[in-house]
Amino acid sequence: MQTQNKTIKTKAAVFSDIKEQSVEADLILPDYYPDISKILKCSVNPSTEAVTVSGDRISVARAALIKLVFCGDDKSINVYETQVKYTKVLQCSDIEATDIVDVMQTAGSLNYKALGPKRVEVRAVAVVKVNVHRLCEKTVLTDVNEKCIQKHICEKKCFGLSSFLCGELNINENVIVWFLKAL
C-alpha cells in the first residue's frame with residue numbers, strides 16, 4: 001500500500017484561566033477643571049502592557065484608562081482622563097519557553113460617585129482571560145492508493161477525525177473522507 005503524509009502545525013491548549021481584578025481610584029480633579037455639577041458618563045477600559053512568564057507564574061502588567069465626562073458648574077462639558085496601573089499574577093505549571101501566551105481583557109462592573117466638587121470615587125472590575133498554547137507537529141495521511149480505500153460523504157459539522165484535521169477543512173461544505181479497508 002502506498003501512502004503520502006503531510007506534516008502540519010497545530011496548537012494544543014496547555015492552560016486556560018479567567019480571573020477578576022478590582023480597579024479602584026479616588027480621583028481628585030486638578031484646579032483648572034471646573035467643579036462637578038453632574039457626572040454624565042464614566043468608563044474604564046483595561047489594556048495589557050506586558051506579559052512575563054517566570055517559572056510557573058504568568059505576570060500580566062496592565063493599565064486601566066478611566067475616562068470621566070461631567071458637566072461643570074459653569075454648564076460646560078468636560079472630559080478628564082487618567083490611568084491606573086496594576087498587575088495580576090496567575091499560577092500555571094508545565095509552561096515551556098516556546099509556548100504562546102494569549103491575554104484578553106474586558107471591563108466588568110463599574111460603580112462611581114461624586115464625593116465632592118472635585119472628587120470622584122471609581123470602583124470597577126477587569127476580567128482577565130489567559131490562554132497558553134503549545135505548538136505541535138502532526139502527521140496527516142493525505143493520499144492512499146485506490147485499492148485500499150472506501151469513499152464516504154459526511155454532511156455533519158463535526159466528525160470522528162482528529163481536531164487538527166477539522167481545522168483545515170471548511171466544515172460548511174460536504175467533505176469527502178477516505179477510510180482504509182481492512183485487508
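Numbers here are sequence positions counted from 1.
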Compare all side-chain heavy atoms of [X] with those of [Y] and state whether any distance is below 4.5 angstrom.
X	Y	value
Leu115	Val120	no
Val84	Ile66	yes
Leu27	Arg119	no
Ile58	Val103	no

Nearest heavy atoms of Tyr112 and Lys41, plus distance in Å: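 So the two residues come closest at OH-CA, 4.3 Å.
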Restricting to non-hydrogen atoms, name the atom on Ser59 and the atom on Thr87 that form the minimum distance, rounded to 0.1 Å. OG-CG2, 3.4 Å
Going through the distances and angles, do Ser37 and Asp73 end up as a side chain to side chain donor-acceptor pair (under 3.5 Å)? CA-CA 5 Å; Ser37 68; Asp73 59 356; over 6 Å; no
Checking Ser22 side chain against Val125 main chain: does a donor-acceptor pair fall under 3.5 Å?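 No; judged by distance alone, with no hydrogens or angles, the pair does not exist.
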Main-chain N/O of Ser76 paired to Asn78 side chain as donor or acceptor, under 3.5 Å: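 Such a contact is found between Asn78 side chain and Ser76 backbone.
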Side-chain heavy atoms under 4.5 angstrom apart, residues restricted to Ile, Leu, Val, Met, Phe, Trp, Tyr: same cluster for [X] and [Y]?
X	Y	value
Leu90	Val53	yes
Tyr86	Val122	yes
Val44	Val60	no
Val130	Val51	yes
Val14	Met104	no

Which label fits Tyr33 and Phe70: parallel for a plane angle under 30°, tilted from 30 to 60°, or perpendicular past 60°?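 Answer is tilted, since the angle falls between 30° and 60°.
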Rounded distance [0.5 Å steps], NZ in Lys38 versus NZ in Lys75: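 Separation between the atoms: 10.5 Å.
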Going by distance alone, is a donor N or O of one side chain under 3.5 Å from an acceptor N or O of the other, for Gln105 and Ser47?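 No.
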After noting the C-alpha distance and the side-chain angles of Lys88 and Glu20, does the key distance pass the salt bridge (Lys or Arg N to Asp or Glu O under 4.0 Å) rule? CA-CA 9 Å; Lys88 188 69 176 177; Glu20 291 184 347; over 6 Å; no
